[in-house]
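Letters go in sequence order (proteins before strands), and every chain restarts at 1.
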Amino acid sequence: MKDKIRTEIIRESQAFVKQNKGLVMGDEKAMRHYISPRISSEYMDCSMPMTFDHYSHCSLGCTYCFAYMFKTTNTSFNEKLHSVNWEKTIDTIHGNPGDSRQRSIYKHFIKKRFLFHWGGMADPFCNFEKANDVGYKIIQALAEESYPTLFSFKGSAVFRPKFTKLFEKYADQKNFAFQISMVTGNDDMARQVEIGVPVPSRRLKAMKLLGDMGYFTILRLRPYIIGVTDKGIDELLEKSLEAGIQAISMEFTAIDSRSNEALMKRYKWLGELIGVKDVMKYFKALSPSERGGYLRLNRLVKERFVKTIYKFCLENDIIFACSDPDFKELNMTGSCCGMPDKYPENKEMQNWTKNQLTYHLKEARRVYQTSGRIYKFRFKHVFKPDEDTYLKSVILGQDHVSVSDKTASERYKIGYINIARTVWNNLRSPGNPRNYFNGKILPFTTDEDENLVYKYIPSEYEDRWSDEGIDLTT
Amino acid sequence: MEDLTEVVSGKTRESTIVQRFSDLIKDKSEAEVRKIEEALLKPVPLPVYKGSKVGRSMFKKRSITLTFPEEEWIDKFADYFKVNKYLDNNSYDIEFLMEVLRLFDKGRLIWDKHEKRFSVKTIRKVIVL
């Protein structure tokens, strides 16, 4: 049975990788363009709400891919490869936005030189780049403008001479940072879960290559798959440290209970790897129901794994970052991707927003641990539309292509601040801070604007870890 | 205020469970550890919020219900005044209706209820519509 599932999954992913290897886009003049940058659906706790992908999908065959889930269940998703309109994107980077969408992105982000996060639903250096060369042109424009950019990747195009030469040439500017994704340090295990992806040992070389050039590099343990990532984690951490990482960002695997047939096969395979017969039953039993159908295990299951990584970061003076809703309070900066609060080498790399829940959760933990004071969360203190102007000026109709539970007329009326307020006050919403952070902050009253006010709830583990000598005040 | 005793009792439970779990998984296989996790590390239910609520009750203070003599008037009304149907603390497109109310308030728009007609008051004269 196990072998059968394994063969099916690997065959499907291999076929996907084979079909997509060197895939070339159609006639660019006639084709529809992929819409990006866009605003992240996770903007309520995200330090970099402007996220970018240059292709509509990715050539890599990671069996745990969350974007695969979104894309295979989205009826409007087109399997043909599309890229962004690179000419318009480059014009916008150079300060000449063309259409209304580009003008909006320019006004709210690019003009302010807001950190550009590349690699949300696809890979900036995947195999499509070899045949299409779209990414290179955009990176060149970003380099020419010394525009602050964070890449999140595991593809191998970064090793192509033209890319290494480009990154070497502009290394002094320090306007690029890199997150290198890993789910395991073991090459054999990786071949079973990440088909067509450079093996971890090769990714460590990429980490070293970029670190040696002087760039800020981050080990991205996302998703952290319990039963896979924890095997040999100490070795992976040591090797990453040797390769020069300055931060680690982690987030645990989550699975969607609303799965299609192809996705269920992948989940079954994942279950085999982590040692459970019925992966859906396992996730349902251990995930807080308040978070809805996207099943994330509760913090009791995750604690021992988080502790290992957190302690490693403390001991080696590197930034611990956690984008998982559990243990998010342990972030050492306000960016759960691991970007530093202070980066004197290029201060523009600090240009991400603190007006979001990750920053405030981190502050709440720090305030409690240093003074014993309980931090209050008020809507108007967390979200500031006068600073993050996209919150009130960008409407869903302009941006969010995947929102399916709103009518067209609603999408042309609702801005991001409206959605944030609705979610903030609706205690039945899976995205509500009480539910999403699973009780780490709880509402206790309402304010003069009729919004709920939350307060930080210190956890038992905080006392226990402190007693063990783990510093929680950083 | 939420019931803090519930949170505190949750804490006690958490500490005991973590210790018991770490004792139980020693020398166990991966599959056995998953089974122990499933049995022992169930999520702790969240305390119930008992404070003042935002939503229907708060929204009610700022909202009214309109009743028309026939259903077709609702469509006619909606042609001019698009009012959001959801009670989500946000309101949309009622600027036009509010502007009309402001004009009435300032006395620039007059409704003659005997003659059933509007008049607009300008600087020099009153225009009957």
Leu452(A) side, atom CG; Tyr49(B) side, atom OH - distance, nearest 0.5 Å: 5.0 Å
Can you see which heavy atom on Arg434(A) is nearest to which on Pro47(B), and at what distance? NH2-O, 3.0 Å
Would you please test Asn298(A) and Val44(B) for side-chain contact (heavy atoms from CB on, under 4.5 Å) and show each step? CA-CA 8 Å; Asn298(A) 73 76; Val44(B) 181; over 6 Å; no
The interface call for Asn438(A) against chain B, heavy-atom contacts under 4.5 Å, is both
If you draw a 6.0 Å radius around CZ in Arg20(B), do more than 12 non-hydrogen atoms from other residues or ligands fall strictly inside? no
Most heavy-atom pairs under 4.5 Å with chain A, out of Glu32(B), Lys42(B), Glu38(B), belong to Glu38(B)
Val276(A) and side chain to side chain contact (heavy atoms under 4.5 Å, CB included): which single residue from Arg34(B), Lys35(B), Glu37(B) fits? Arg34(B)
Flag yes if more than 12 heavy atoms outside Glu235(A) fall under 6.0 Å of its CD atom; otherwise flag no. no
Select one option (side chain, backbone, both, neither) describing which atoms of Leu427(A) are under 4.5 Å from chain B's heavy atoms. side chain
Interatomic distance, Leu41(B) atom CG to Leu297(A) atom CG [nearest 0.5 angstrom]: 10.0 Å
Checking Ile36(B) against chain A: side chain, backbone, both or neither under 4.5 Å from a heavy atom? neither
Just wondering, more than 12 heavy atoms not from Lys281(A) lying within 6.0 Å of its NZ? no
To the nearest 0.5 Å, how far apart are CZ in Arg304(A) and OG in Ser22(B)? 9.0 Å
Residue Asp326(A) versus chain B: region with a heavy atom under 4.5 Å: neither
Part of Ser287(A) lying under 4.5 Å from any heavy atom of chain B: backbone
Would you give the length of the straight line joining atom NZ of Lys231(A) to atom CD of Glu30(B), rounded to the nearest 0.5 angstrom? 4.5 Å
Minimum-distance pair of heavy atoms, taken over all atoms of Pro43(B) and Ala285(A): CD-O, 3.3 Å
